[in-house]
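The structure under discussion appears below in the form of structure tokens.
Bear in mind that the values here come from a model prediction, so they are computed numbers and not experimental data.
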Amino acid sequence: DGGGMYFDLMRAIYEPIGIKVKFKLMPYSRTVFTVKQKKADAFTASYLNEQEWAVYPKNWFDLDIVQAIFPKGKHKDFKGQRSLEGKKVAWMREFKLEKYFKVKTKFREVNNRQSGFNLLNAGKLDFWIDPAVLLEPDWKNLTVKKEDYEAHDVLYLPMCMAFANTPRGKKLAELWD
């Protein structure tokens, strides 16, 4: 809808120097594809260096806190990422988190949170991995109760604008900084 911190930030950076910002909302994977095809200048909320082809500014604007979620009491001696090593973990398909972990996991991707929690509760997963800011408002839509689970931070991922690899994209990234 063009409202919120990310949109306000873009307007505050670019509009005072005469660059009109136009927003087009679409699913994340389509947004990435559109910028990669150079049909748009940038997309928001990319993890730093998430896309090899994109141009990233030096300054990121948000931090995604990614958590490991599991039933209360199941992993009493949880030690961050080390506890995930060799374990069955899953996250939502679009997140592509595997490259950010320092330990090797048996990961899989699922289409939605409810499927992830179903797998977790059936014992087919050891941990559900999810950015806290996205999971929090979705608890009310799940068939599980938040109070039955523990959540521990396992990743802190800088979030950035990702710009098209074009002269205009490079200039916009430079102006961002």
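Between Met10 and Met161, the closest side-chain pair of non-hydrogen atoms falls below 4.5 Å. In this structure, the side chains of Leu135 and Leu142 come closer than 4.5 Å at one or more pairs of heavy atoms. Using a 4.5 Å heavy-atom cutoff, the side chains of Glu94 and Glu109 are not in contact. You'll find the side chain of Gln51 reaches within 4.5 Å of the side chain of Val32, heavy atoms only. Within the 4.5 Å cutoff, the side chain of Thr105 has no heavy atoms near those of the Phe127 side chain. Put simply, the side chain of Leu84 reaches to within 4.5 Å of the side chain of Ile129, judged on heavy atoms. In this structure the side chain of Met92 never reaches within 4.5 angstrom of the side chain of Asn111, judged on heavy atoms. Put simply, the side chain of Trp139 reaches to within 4.5 Å of the side chain of Glu136, judged on heavy atoms.
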Practice problem: Under the side-chain contact (heavy atoms from CB on, under 4.5 Å) rule, what do Asn165 and Lys36 come out as? Steps first, then yes or no, please. | Solution: CA-CA 8 Å; Asn165 193 353; Lys36 185 177 182 179; over 6 Å; no

Exercise. Please lay out, stage by stage, how Glu15 and Val21 fare under the test side-chain contact (heavy atoms from CB on, under 4.5 Å).
Key: CA-CA 7 Å; Glu15 290 187 353; Val21 181; 3.9 Å; yes

Practice problem: Apply side-chain contact (heavy atoms from CB on, under 4.5 Å) to Val66 and Asp153, showing your working. | Solution: CA-CA 6 Å; Val66 180; Asp153 299 354; over 6 Å; no

Quiz item: Between Leu157 and Leu97, does a side-chain contact (heavy atoms from CB on, under 4.5 Å) hold up when you go through it step by step?
Solution: CA-CA 10 Å; Leu157 300 175; Leu97 294 171; 3.9 Å; yes

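For the residue pair Asn121/Tyr149, the side-chain donor-acceptor check at 3.5 Å is satisfied. With hydrogens and angles left out, the side-chain atoms of Asn112 and Ser115 include a donor and acceptor closer than 3.5 Å. Residues Asp64 and Tyr156 bring no donor and acceptor atom of their side chains to less than 3.5 Å of each other.
Looking at every heavy atom in both residues, Phe163 comes nearest to Gly169 through CB-O, 3.5 Å. Between Val35 and Ala162, the closest heavy-atom pair is CG1-O, 4.3 Å. Here the closest heavy-atom approach between residue Leu48 and residue Cys160 is recorded as CD1-SG, 3.6 Å. The nearest pair of heavy atoms linking Glu98 to Phe107 is CB-CE2, 3.5 Å. Minimum interatomic distance between Ile69 and Leu120 (heavy atoms only, all atoms of both residues): O-CD2, 3.7 Å. The minimum heavy-atom distance between Gly80 and Val154, with the atom names listed, is C-CG1, 4.2 Å.
One N or O on the side chain of Gln114 and one on the backbone of Thr143 form a donor-acceptor pair closer than 3.5 Å. No donor-acceptor pair under 3.5 Å is formed between the side chain of Tyr6 and the backbone N or O of Phe61. Counting only distance, with no hydrogens or angles, the side chain of Glu150 and the backbone of Pro71 share no donor-acceptor pair below 3.5 Å. Side chain of Asp177 to backbone of Asn59: a donor-acceptor contact under 3.5 angstrom is found.
Surrounding NZ of Lys106 are at most 12 heavy atoms belonging to other residues, nucleotides or ligands under 6.0 Å away. Around atom CZ of Arg168, no more than 12 heavy atoms belonging to other residues, nucleotides or ligands sit under 6.0 Å away. Enclosure of atom NZ in Lys76 is not indicated, since only 12 or fewer non-hydrogen atoms of other residues, nucleotides or ligands lie within 6.0 angstrom. In this structure, Tyr28 places its OH atom where more than 12 heavy-atom neighbours from other residues, nucleotides or ligands lie under 6.0 Å away.
Connection of Leu9 to Leu175 is established within a shared hydrophobic cluster, with ILVMFWY side chains joined at heavy-atom distances below 4.5 Å, either directly or through further cluster members. One hydrophobic cluster, built from ILVMFWY side chains closer than 4.5 Å, holds both Val133 and Met5. Under the 4.5 Å side-chain heavy-atom criterion for Ile, Leu, Val, Met, Phe, Trp and Tyr, Trp60 and Tyr100 are members of distinct hydrophobic clusters. Cluster annotation: Trp53 is not connected to Trp176 through the hydrophobic network of ILVMFWY side chains, with a link wherever side-chain heavy atoms come within less than 4.5 Å. Hydrophobic clustering of Ile, Leu, Val, Met, Phe, Trp and Tyr side chains at less than 4.5 Å, counting indirect connections, keeps Tyr14 apart from Tyr56.
With rounding to the nearest 0.5 Å, the separation of CD1 in Ile65 from CG in Asp130 is 13.0 Å. Taking CG from Asp41 and OG1 from Thr166, the interatomic distance works out to 6.0 Å, rounded to the nearest 0.5 Å. The distance from atom CD1 of Ile13 to atom CG of Leu172, rounded to the nearest 0.5 Å, is 10.5 Å. Here the OG1 atom belonging to Thr34 is positioned 4.0 Å from the CE atom belonging to Met26, to the nearest 0.5 angstrom. The distance from atom CD1 of Ile19 to atom CZ of Arg11, rounded to the nearest 0.5 Å, is 14.5 Å. To the nearest 0.5 Å, the span separating NZ on Lys140 from NZ on Lys146 amounts to 11.5 Å.
Ion pairing of Lys99 with Glu50 is absent here, as no side-chain N (NZ or NE/NH1/NH2) approaches a carboxylate O to less than 4.0 Å. Between Lys72 and Asp148, none of the side-chain N atoms (NZ, or NE/NH1/NH2) sits under 4.0 Å from a carboxylate O, so this pair counts as no salt bridge.
Sorted by first and then second residue, the pairs that involve residues 78-91 and meet side-chain hydrogen bond (donor to acceptor under 3.5 Å, both in side chains), not counting sequence neighbours, are Asp77-Lys79.
When ring centroids are compared, Tyr47 and Phe95 stay outside the 6.0 Å threshold.
In this pair, Phe23 and Phe7 present their aromatic rings perpendicular. The plane angle is above 60°, beyond the 30 to 60° band.
Phe70 pairs with exactly one of Trp128, Phe78, Phe117 by the ring pair (Phe, Tyr, Trp, His ring centres under 6.0 Å) rule, that one being Phe78.
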